[in-house]
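All chains are named by letter (A, B, ...) in the order of the sequence lines, taking the proteins before the strands, and each is independently numbered beginning at 1. It should be emphasised that the depicted structure is a prediction, and the values quoted were computed from it without experimental measurement.
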Amino acid sequence: MSMTLTEKILAAHADTASVRPGDLVDCRVDFAFANDITAPLAIQEFRKMGVERVFDPDRVAFVFDHYVPNKDIASAQQCQITRDFVRAHDLPHFYDIGRSGIAHVLLAEEGFVLPGDVFVGADSHTCNHGALGAFATGVGSSDLAAAMALGRLWLRVPETVRYVFRGRLRPWVTGKDLVLTIIGDIGVDGARYGAMEFAGEALAQLTMDERFSITNMAVEAGAKNGIMEPDDAALEWVRPRARRPYTVYRSDPDARYADVRTYDVGGLEPVVATPFSPGNVLPVREAGQVQVDQCFIGTCTNGRIEDLRMAARVLAGHKVHRHTRLLVIPASPAIYRQALEEGLIQVFMDAGAAVSTSTCGPCIGGHMGVLAQGEVCVSTSSRNFVGRMGHRESRVYLANAGVAAAAAVLGRLAHPDEVAPAPGPA
Amino acid sequence: MAMRGRAHKLGHHVDTDVIIPARYLVTTDPAELAKHCFEDLDPTLCTRIAPGDVIVAGENFGQGSSREHAPIAIKGLGVACIVAISFARIFYRNAFNLGLPIVECPEAYEQVRDGHELEVDLESGRVRNLTTGEVYAGRPLPEFMRRLVGAGGIVGYVRATLQGRDVSAKRGG
Ligand code: SF4
């Protein structure tokens, strides 16, 4: 029976020849992780399950990224629960502050997630890893505890919709703009329970960093997973990092899709998602005059080296507007180091930006850049819900790193063209 | 399994950030989380919800983060059940895993007003409006979810699996 990429991976992990959408399957899990917020609950549920050991210590990770360095006593207490558990179970893959970065970026860099994997994480943006051709999905802490205990998880096989990108991207248009455009079209529940498979010749033009931002935001359309067939570029990215052997799956040419939607990307402009939904998408040029108090470049969606390069291209020789603040947070220590070597950190600091250690930062409004009542932030993150980054009357615009950097310079929402010359063809 | 309670009506796409803002994710205590439940949506809503009440919402309830603190906070308020047109995927799983009853019933969302008394039957998905006398047919609980609830949520499911009892999934369940 012909199957999609997602169906093939799930069938292989359920040890069955074929699956179809709607089937419930009990799948082997290749890797499972939790972060500092979701781990304590997972540990609590794991204990209730009466299990002595995790199914395989080599296939479990804990990554501290949300409230580290600990922001207060309460968050320190929460982290202590996980630190104690890691010590008691002698778990090898534990990332505490200093060695840690944002889980979705770090775990891929570290070679824990590979093509053909079933990869689950107690964090909704786990779907990030689909860019490597893995089935990756976010779960709650209890499901994660079950995966830690059994090395298996029950899953409903999702229907797949295929999104095909054609044409050539214009300057300043990135993977982030593609995924926001789709979410704007289909809505924040347009892919609910489903798989989003991304394909087409325009996808091949995108760097791996841009591809990750696309699969990362599949959850913003309600999807279970976002996925791409690994091409040569993806496999080259994986090869030096892989910690285990892996299998490359591809969708059958006659696989059945719930829908196929084709996008001609040549006409797209950089977009923003306006408050309070990632589905309120329009070209930045049509967003009107919006004064901006804070800009944030970072997160699992857009805190990678390509994002920092794009931001630096805009910021070089400019200063952050005197009534605006700019925060830059490289998503992992490796990215931070590379940004240092390339002189990007210098550019940010010369411009007057604050550069901080690799964490989620202000993305969830808990610390490091919380917004006051009425404040506006242009952020490269993935969510702009009410209260997401601070006061319930603060407002967040989601955009790519070039747009966020331009807004920082001009103190208002702007197209990067207004600040810097367009980048040449890659 | 039938539940009775007073309805509180919410809109579409209620996200986990407004159910429990991330700034409070420094505890897992249900009572503590309940104090801030829905705070950014309506600062006084949590004080108006009494134990046994029912939340009625639109599409995609629980969109966003995977935080299990969201269903824990709602349970902490004593909410008996959530009736919505649809639920976001991760929230759906979390609610079952934690034993927070949820029912998909689009008609209830159309007809129910704040303060109506409802009787919700989890298995059949039927919602009876005791204030107006209407009955709305919702989606019956899928067979596998029924077994999961029967096994005592995910903790019971894992225990049973480890003891070799059959709670396995079946095709098309
Ligand atoms: S960067 Fe933001 S979206 Fe990504 S894992 Fe951290 S809090 Fe979640």
Side-chain angles (χ1 to χ4, degrees), chain A residues 19-20 22-26 37-38 40-42 44-45 48-51 66-67 71-72 74-75 77-78 121-126 137-143 145-146 149-150 152 154-156 188-189 192-193 219-220 222-224 277 279 364-367 370 383 385-388 390 392, chain B residues 12-18 21-28 32 39-43 59-61 63-72 85-98 142-145 148 153-159 161-163 167-173:
Chain A
V19 296
R20 49 174 196 250
D23 286 355
L24 283 161
V25 287
D26 185 29
I37 287 181
T38 56
L41 270 172
Q44 178 187 309
E45 297 305 295
K48 284 190 206 157
M49 289 164 183
V51 190
H66 283 65
Y67 285 159
K71 73 188 184 85
D72 52 17
S75 65
Q77 297 288 134
Q78 290 288 297
D123 191 301
S124 60
H125 288 99
T126 304
T137 193
V139 294
S141 293
S142 301
D143 272 331
L150 301 174
R152 308 188 75 87
W154 70 268
L155 293 164
R156 180 184 166 280
V188 290
D189 62 351
R192 205 167 50 87
Y193 291 130
V219 65
E220 262 60 65
K224 176 174 233 156
S277 168
I364 49 166
H367 72 158
V370 178
R383 288 185 182 144
F385 301 141
V386 171
R388 172 74 181 184
R392 62 192 288 254
Chain B
H12 298 297
H13 307 299
V14 174
D15 62 78
T16 50
D17 277 285
V18 296
R23 56 187 179 271
Y24 302 118
L25 303 183
V26 290
T27 175
T28 56
E32 200 50 47
E39 182 176 286
D40 284 350
L41 191 64
D42 173 347
E59 284 167 27
N60 202 25
F61 185 91
Q63 74 163 332
S65 122
S66 69
R67 63 188 70 158
E68 230 160 67
H69 309 67
I72 291 175
I85 297 177
S86 62
F87 292 88
R89 185 190 79 80
I90 304 177
F91 187 90
Y92 183 88
R93 288 184 75 111
N94 288 349
F96 278 99
N97 285 343
L98 292 175
E143 145 91 38
F144 177 72
M145 302 316 284
L148 193 65
I154 193 74
V155 171
Y157 172 88
V158 171
R159 282 173 167 274
T161 305
L162 290 170
Q163 288 160 15
V167 280
S168 61
K170 290 211 179 67
R171 169 155 287 198

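Comparing A:Lys224, A:His125, A:Glu45 by heavy-atom pairs within less than 4.5 Å of chain B, the highest count is held by A:Lys224. With respect to chain B, the highest number of heavy-atom pairs below 4.5 Å among A:Pro40, A:Ser141, A:Gly365 belongs to A:Ser141. Note on A:His367, A:His66, A:Arg383, A:Arg152: by heavy-atom pairs under 4.5 Å with chain B, the leading option is A:Arg383. Ranked by non-hydrogen atom pairs under 4.5 Å with chain B, the options A:Val51, A:Asp143, A:Val219 are led by A:Asp143. Heavy-atom pairs under 4.5 Å with chain B were tallied for A:Asp72, A:Thr137, A:Val188; the largest tally goes to A:Val188. When each of B:His69, B:Arg23, B:Arg93 is scored by its heavy-atom pairs under 4.5 Å with chain A, the top score falls to B:Arg93.
Across all their heavy atoms, B:Pro43 and A:Arg392 have their closest contact at CG-NH1, 3.7 Å. Across all their heavy atoms, A:Leu41 and B:Ile72 have their closest contact at CD2-CD1, 3.6 Å. Nearest heavy-atom pair, B:Asp40 versus A:Val386, reported as atom, atom and distance to 0.1 Å: O-CG1, 3.5 Å. Scanning both residues, A:Gln78 and B:Thr27, for their nearest heavy atoms gives NE2-CA, 3.9 Å. Listed here is the closest heavy atom pair of B:Ile154 and A:Ala146: CG1-CB, 3.7 Å. Nearest heavy atom pair, residue A:Ser124 against residue B:Ser65, reads OG-CA, 3.6 Å.
Put simply, the side chain of B:Phe87 does not reach to within 4.5 Å of the side chain of A:Asp189, judged on heavy atoms. Within the 4.5 Å cutoff, the side chain of A:Lys71 has heavy atoms near those of the B:Val26 side chain. The shortest distance between side-chain heavy atoms of B:Leu98 and A:Ser142 falls below 4.5 Å.
Only the backbone of B:Leu41 has a heavy atom closer than 4.5 Å to any heavy atom of chain A. Looking at B:Ile90, only its side chain comes within 4.5 Å of chain A, counting heavy atoms on both sides. When heavy atoms are compared at a cutoff of 4.5 Å, B:His12 does not approach chain A at all. Heavy atoms closer than 4.5 Å to chain B are found nowhere in A:Gln77, neither backbone nor side chain. At a 4.5 Å heavy-atom cutoff, A:Ala42 makes no contact with chain B through either its backbone or its side chain. Heavy atoms closer than 4.5 Å to chain A are found nowhere in B:Phe91, neither backbone nor side chain. Only the side chain of A:Leu150 comes within contact range of chain B, with heavy atoms under 4.5 Å apart.
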Test B:Glu68 against A:Thr38 for side-chain contact (heavy atoms from CB on, under 4.5 Å), laying out the working first. CA-CA 8 Å; B:Glu68 230 160 67; A:Thr38 56; over 6 Å; no
Does the side-chain contact (heavy atoms from CB on, under 4.5 Å) test come out yes or no for A:Leu24 and B:Glu143, once each step is laid out? CA-CA 11 Å; A:Leu24 283 161; B:Glu143 145 91 38; over 6 Å; no
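Put simply, CZ on B:Arg89 and CZ on A:Arg156 are 10.5 Å apart, with the number rounded to the nearest 0.5 Å. The distance from atom OH of A:Tyr193 to atom OH of B:Tyr92, rounded to the nearest 0.5 Å, is 5.5 Å. Within the model, atoms NE2 of B:His13 and CZ of A:Phe385 stand 9.5 Å from one another, a figure rounded to the nearest 0.5 Å. The distance from the CE atom of A:Met49 to the OG1 atom of B:Thr161 is 9.5 Å, given to the nearest 0.5 Å. The CG atom of B:Leu25 lies 11.0 Å from the OG atom of A:Ser75; values are rounded to the nearest 0.5 Å.
Side-chain N or O atoms of B:Arg159 include one that pairs as donor or acceptor with a backbone N or O of A:Lys48 at under 3.5 Å.
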